[in-house]
Number of protein chains: 2
Amino acid sequence: MSCMYPRAMRSRPLAADRPLAQQVRMRLAEGMAAGEWKPGEALPSESELASAFGVAIGTIRKAVDGLVAQQAVVRRQGKGTFVAAHDPRRLMFHFFHVVGRDGTKAYPEVTTLDFRRDRAGPADAAALGIAPLDRVFRIRNVLTLGDRRAILDDIALPAALFPGLTEKIFLARENTIYHLYQSRYGINVLRTDERLRATQASREEARQLGIAEGAALLEIRRVAFTFRDRAVELRLSRVDSEHFEYHNTLGKGEPL
Amino acid sequence: MSCMYPRAMRSRPLAADRPLAQQVRMRLAEGMAAGEWKPGEALPSESELASAFGVAIGTIRKAVDGLVAQQAVVRRQGKGTFVAAHDPRRLMFHFFHVVGRDGTKAYPEVTTLDFRRDRAGPADAAALGIAPLDRVFRIRNVLTLGDRRAILDDIALPAALFPGLTEKIFLARENTIYHLYQSRYGINVLRTDERLRATQASREEARQLGIAEGAALLEIRRVAFTFRDRAVELRLSRVDSEHFEYHNTLGKGEPL
DNA sequence: AAGTGGTCTAGACCACTAG
DNA sequence: TAGTGGTCTAGACCACTTC
């Protein structure tokens, strides 16, 4: 006698034809994007999710595996599964690849030089996936690593994603800018796209970084994305290449 | 009545206490590192592996999942699981991140300027994990992208990993240098570590790249690793940053 | 003791590939 | 048609956390 093969959710209308686990993963991702579970909060337990979605617990586990691989959630044995929060290690992985040439790996200290409201130019709009003339916030920061000015950052944020943001709120943030994105706006950066090139310091750049005009600068143009590949930040970084470098490891996974 | 819980391999001596799936993955990785299955060849089928290792097929699948994530193997439905080969897409992912500033994404054409036997200096030795004065091969290449010289490469290879390599063999290679590593020496690059900084072209660099002395150069110092995190190549690249840039995406995984 | 994630098993059916 | 990987189920036991 053959076994029943109960296909849960078989009556779901929009269920595409993707594997169940992927469908579950997308539904969970949407929930996080919509703020149903905020960064740091716990998702329902796997058995709860299994009965809620009407699938086997193994399918839930596979779905969550995908979210873990994306670093969208973190599992803690005996406690639960939590929406990823920006602990320092996560920051290091996703955002901060600049290290001292001598091997130093300090966390940067940020000083904000300027904060203003503006409208997007054509290049900003293309990078951020918004319309030209849409509102943006522009921020200029200097990042210090170990008592030395290392990086000059120009950041552009689509104002639509950061309702009510003001210079006061921005400057009053407790931790990093990513904590702000996350805690106040529930925005979690999942992917970044970076383009690097070499330039030479302009007079103004040299002054603000405390280096010589014409010194070698490493320029990084980065776009950060959240759920649904929505761009949340455009950042132009200029790194003092005399004392710092960009470090990148490809092909991770556990050893062997 | 409770179910039996047959723990296969329970008598294995060195079986550490790692999960079964990880043990299986490591055994498979060792087999590939030892050349038991060479790049492009098929592994035994999952059911064969399951009975060979004495574990459930689901455990084999989990082990292979890990190898797939590492890009050490590729699955093909209906055909089998194959040791990764250096198709162009894989190359693009692991090795080649330089693109035209206008968005061009061509494959590079390589011209070898020099090939010689030498001994490792202290810096080479440290990067490659070998002893100073160990034998190395040194190669200088110029890479051309779309009719323009783009990159000047200085490569150092530990001679111990490339027995019998000669300039003649090196120059007679059909495809890329990675095809050579793979087809002749069974070496598969799984991980790379890259450090980038900005410099200015020396007189010789300028001459060999056909650019102006003092022009902005993007310098990439890369170490490539194979199984067991063994370093197989040290490469110093200098990129014409006027016309090209380095492109990097972090946090992949399927969308959403 | 109860609840959570972590690992493993056993076996079903599906989809693709080849002879 | 036979064999391969791809998906899903159902349920066992293990390890960690909290009360």
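The figures here come from the full heavy-atom set of this structure, side chains too, leaving out hydrogens, waters and symmetry mates. Below, read A as the first sequence line, B as the second, and so on, with proteins coming before strands; counting in each chain starts at 1.
- At dT4(D), one or more side-chain N or O atoms of Ser45(B) fall inside 4.0 Å of OP1 or OP2 (strictly under the cut-off).
- Pair assignment for dG19(C) gives none, since no Watson-Crick or G-U wobble pairing has each distance under 3.5 Å.
- Look at CD on Glu48(A): it is 6 Å from P on dT4(C), rounded to the nearest Å.
- For the side-chain contact (heavy atoms from CB on, under 4.5 Å) with Tyr181(A), the lone residue among Ile187(A), Leu165(A), Thr176(A), Asn188(A) that qualifies is Ile187(A).
- For Arg230(B), the CZ atom sits in a loose shell: 12 or fewer heavy atoms of surrounding residues, nucleotides or ligands are nearer than 6.0 Å.
- Figure legend: cation-pi geometry between Arg173(A) and Phe170(A), with NZ or CZ positioned under 6.0 Å from the six-membered ring centre and within 45° of its axis.
- Whole-Å rounding puts the Arg61(B) CZ to dC8(D) P distance at 11 Å.
- Following rounding to the nearest Å, Arg25(B) (CZ) and dT7(C) (P) show an atom-to-atom distance of 12 Å.
- Ile60(A) places its CD1 atom 16 Å from the P atom of dG11(D), with the value rounded to the nearest Å.
- For DNA chain C, the neighbouring residues in residues 74-82 of chain A, judged by any heavy atom under 4.0 Å, are Arg75(A), Arg76(A), Gln77(A), Gly78(A), Lys79(A), Gly80(A), Thr81(A).
- Listed by chain and number, the residues in a salt bridge (Lys or Arg N to Asp or Glu O under 4.0 Å) with Arg75(A) are Glu46(A), Asp65(A) (sequence neighbours excluded).
- The interatomic distance linking Lys62(A) (NZ) with dT9(D) (C1') rounds to 13 Å, in whole Å.
- If you run side-chain hydrogen bond (donor to acceptor under 3.5 Å, both in side chains) between Arg235(B) and each of Asp153(B), Thr192(B), Asn141(B), only Asp153(B) comes through.
- For the pair Pro19(A) and Ile57(A), both in contact range of DNA chain D, the more 5′-proximal nearest nucleotide belongs to Pro19(A).
- Spacing between atom CG of Asp65(B) and atom P of dC8(D) amounts to 13 Å, rounded to whole angstrom units.
- Within the 3.5 Å criterion, the main-chain N or O of Ser45(B) finds a donor-acceptor partner in the side chain of Glu48(B).
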